[in-house]
Amino acid sequence: MNRQRMDIAIVGGGMVGLAQAALLAVRHPQLQVALLEASAEVAPVPADQYDPRVVALTQSSRELLDEVGAWGEFGGGRACPYTEMRVWDAEGTGSVRFNSRDVQLPNLGHIVENSVVVSALRRRLEALPNVELVNGFRLETWWRDCGLWHLQPRSDRINVIEGLEENGEILRTRLLIGADGARSRVRDLLRIRARETVYNQTALVCVARCEKTHGHTAWQRFLKTGPLAFLPLAGLGDENHCAVVWSADEALARELVMLDDNAFALNLEKAFESRLGGVESVSERFSFPLRARHAESYYGPGAVLIGDAAHSIHPLAGQGVNLGLQDVTVLSEEIARALKRGLEPSDPSVLARYQRRRRGDNAATLKAMSTFKSLFGAGDLHWRWLRNTGLSMVDASPLLKKRIILRAMAV
Ligand SMILES: Cc1cc2nc3c(=O)[nH]c(=O)nc-3n(C[C@H](O)[C@H](O)[C@H](O)COP(=O)(O)OP(=O)(O)OC[C@H]3O[C@@H](n4cnc5c(N)ncnc54)[C@H](O)[C@@H]3O)c2cc1C
């Protein structure tokens, strides 16, 4: 493959960038695609323990991963289907139960560890002849000349990346796709501003082993200090492990981080009302400060943003990566349309169409998440009554439930 000049270069090898590279390569064998990832090495999937970072993948995300051949690569049954979702308010009696039977489907989605998805996609890319996966390439500088982007990694990496010589060989591409996450360098280099909402919350994630089996149910309790989710895991021989995502106000999060494992497990069990019996053990904890960001534009000259580089949201509805995978599908459709009409994929009209199809949808989800977050964080009687009544009304209305499930599954 000619490294000097690619048709498309994707910066960022997270789930979204990898899926984008795979989908373009599978649908357009004539295109030369490069995937540039900053990390030199990617941690393998641990065989005997769960990765605490997980995603809840919808049916349409599954279809995309199926199309590129990654879903079948997960192995070991590590995609855990969930058939029920239970949501309840810590400050009242309101609760709602969604079941896949409500929509006559076998499940509502799957919980999968991030590292399982990333490894499967990387394996697929390695097998595709028209994709080059370049590890250890942290995009630092660039310039555009005669319609070509010239991409250069951080200078101390140049001589350690296989094939990039000390003289600073650079990658050239007509279309650049920024999939480099919430603090996107591509977005900065394009001088695109992002609107930011700071939630003053931190998400603590870990894996908990519970006394009772999870019952293939995704559980979420809304506390005044933030939502607490227990998400079912599978693949290591039992049904007692859950991925925990505890989004908590900063002060509480700081206290929780300081606790030893036993004290943390006790706090976790209490906050979860012992719904799965005792929390018998917890893994190492990781924390993520939470903020929403939305890029004011999704494209610049010959460059476009997807995934968290374009939008990042509160994890309370577990939609972040699903939205990113929708971007992948729509951008691929627009590129296919352009190629059919003899247009360059980097043509501004192509990128504008992608933005038109995705930005409104993403903005609506961002707004909904912020509203949920405020509604469930409000402590006064009026709001408490409103949300508890709302939850109970939804629970009592099969039609409303069906609509909500189908809407969430379409993402
Ligand atoms: C606690 C928590 C729980 C979540 N739970 C869910 C869930 O249940 N469901 C869901 O859908 N989403 C969930 N999300 C959101 C989801 O994890 C993100 O939306 C998703 O990981 C974004 O993927 P991405 O590929 O766009 O970005 P990232 O995963 O951030 O990947 C970006 C990649 O770009 C690379 N990179 C960065 N800068 C450069 C550079 N200059 N040059 C080259 N490479 C670079 C990075 O190394 C990284 O590999 C959760 C998020 C959090 C924090």
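First listed ligand is number 1; within each ligand, the first listed atom is number 1.
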Nearest non-hydrogen protein atom to atom 50 (C) of ligand 1, with distance, is Pro315 CB, 4.0 Å
Review point. For Glu37 and ligand 1, does the shortest N/O to N/O distance drop below 3.5 Å?
Key: yes
Check whether any N or O atom of Leu139, backbone or side chain, sits under 3.5 Å from an N or O atom of ligand 1, and answer yes or no.
yes
Note: Asn322, heavy atoms under 4.0 Å from ligand 1, region reported as both
| Val186: heavy atom below 4.0 Å from ligand 1, yes or no? | no
Contact region, Val54 to ligand 1, non-hydrogen atoms below 4.0 Å, reads backbone
Honestly, for Arg138 the part within reach of ligand 1 (heavy atoms, under 4.0 Å) is both
Under 4.0 Å from one or more heavy atoms of Arg185, ligand 1 contributes atoms 41 (N)
the protein heavy atom lying closest to atom 52 (C) of ligand 1 turns out to be Arg53 NH2, 3.7 Å
query: Counting N and O atoms only, with roles assigned by atom type, does the side chain of Asp261 sit under 3.5 Å from a partner on the main chain of Ser281, one being a donor and the other an acceptor?
result: no
In plain terms, say whether Arg86 and Glu84 are close enough for a salt bridge, that is, a side-chain N and a carboxylate O under 4.0 Å apart. yes
### Task
Check whether more than 12 heavy atoms from other residues, nucleotides or ligands sit under 6.0 Å from atom CZ of Arg193, and answer yes or no.
no
So CG of Asn267 and CG of Leu252: to nearest 0.5 Å the spacing works out to 8.0 Å
- Looking only at side chains, do Gln220 and Trp88 share a donor and an acceptor under 3.5 Å apart? no
The closest protein heavy-atom partner of atom 9 (N) of ligand 1 is Gly318 O, 3.0 Å
the protein heavy atom lying closest to atom 31 (O) of ligand 1 turns out to be Gly14 CA, 3.5 Å
Rounded to the nearest 0.5 angstrom, the CG-CH2 distance for Leu139 and Trp149 is 10.0 Å
- Message: Check this for me - ligand 1, Ala38, N or O atoms closer than 3.5 angstrom, yes or no?
- Response: yes
Heavy-atom proximity to atom 34 (O) of ligand 1, picking from Gly12, Ser247, Ser61, points to Gly12
Item checked: Ala309, any N or O under 3.5 Å of ligand 1 N or O -> no
The atoms of ligand 1 lying under 4.0 Å from a heavy atom of Leu36, numbered in the order shown, are 43 (C), 44 (N)
heavy-atom search around atom 26 (O) of ligand 1 in the protein gives Asp308 N, 3.0 Å
Is Gly324 in contact with ligand 1, taking contact as a heavy-atom separation below 4.0 Å?
no
For Ala203, the ligand 1 atoms with a heavy-atom partner under 4.0 Å come out as 1 (C)
(Q) For Ala120, is there any backbone N or O sitting under 3.5 Å from a side-chain donor or acceptor partner on Glu73? (A) no
In this structure, atom 21 (O) of ligand 1 is nearest to the protein heavy atom Met15 CE, 3.7 Å
Can you classify the ring geometry of Tyr199 versus His314 as parallel (below 30°), tilted (30 to 60°) or perpendicular (above 60°)? perpendicular
Under 4.0 Å from one or more heavy atoms of Ala179, ligand 1 contributes atoms 32 (C), 33 (C), 34 (O)
Are the ring centres of His241 and Tyr50 closer than 6.0 Å?
-> yes
Counting from 1 in the order shown, the ligand 1 atoms closer than 4.0 Å to a non-hydrogen atom of Val205 are 1 (C)
For ligand 1 and Ala56, I'd like to know whether there is a polar contact (N/O to N/O, distance under 3.5 Å). yes
With heavy atoms and a 4.0 Å threshold, my read on which part of Pro153 contacts ligand 1 is neither
Do the side-chain N and O atoms of Asp249 and Thr225 include a donor-acceptor pair separated by under 3.5 angstrom? no
Atom 23 (O) of ligand 1 has as its nearest protein heavy atom Val16 CG2, 3.7 Å
| request: Classify the ring geometry between Trp71 and Phe74 as parallel (under 30°), tilted (30 to 60°) or perpendicular (over 60°). | output: tilted
Near Gly181 (heavy-atom distance under 4.0 Å), the atoms of ligand 1 are 27 (O), 30 (O), 32 (C)
Exercise for review: Taking atom CZ of Arg123 as the centre, report whether more than 12 heavy atoms of other residues, nucleotides or ligands fall under 6.0 Å from it.
Suggested key: yes
Short version for Leu57: what comes under 4.0 Å of ligand 1, heavy atoms counted, is neither
Logged contact type for Val11 with ligand 1, heavy-atom cut-off 4.0 Å, is side chain
Within-cut-off N or O pair, Val321 and ligand 1, under 3.5 Å: yes
- [ ] Could you check Tyr354 against Tyr299 for ring pair (Phe, Tyr, Trp, His ring centres under 6.0 Å), going step by step and ending with a plain yes or no?
- [x] CA-CA 9 Å; Tyr354 157 74; Tyr299 70 100; 8.4 Å; no
Query raised in the report: With a 3.5 Å cut-off and no angle check, do the side chains of His216 and Asn107 form a donor-acceptor pair?
Result: no
Is atom 14 (N) of ligand 1 less than 4.0 angstrom from at least one protein heavy atom? no
- request: Verify the distance criterion only: is there a donor paired with an acceptor across the side chains of Glu250 and Thr202 at less than 3.5 Å?
  value: yes
Please find out if less than 6.0 Å separates the ring center of Tyr82 from that of His110.
no
Carboxylate-amine/guanidinium proximity below 4.0 Å for Arg27 and Glu67:
yes
In ligand 1, the atoms that come under 4.0 Å of a heavy atom of Gly307 are 26 (O)
The protein heavy atom nearest to atom 39 (C) of ligand 1 is Asp180 CB, 3.8 Å
Inset, instruction - Run the numbers on Gln20 and Ser332 for side chain to side chain donor-acceptor pair (under 3.5 Å), then give the verdict. - result: CA-CA 8 Å; Gln20 183 72 77; Ser332 302; 3.1 Å; yes
Per-atom filter on ligand 1: closer than 4.0 angstrom to a heavy atom of Phe137 are 42 (N), 43 (C)
Exercise. Run the contact test for Arg183 against ligand 1 with a 4.0 Å cut-off on heavy atoms, strictly below, and give the result.
Key: no
Return yes when atom CD of Glu41 has more than 12 non-hydrogen atoms of other residues, nucleotides or ligands closer than 6.0 Å, and no otherwise. no
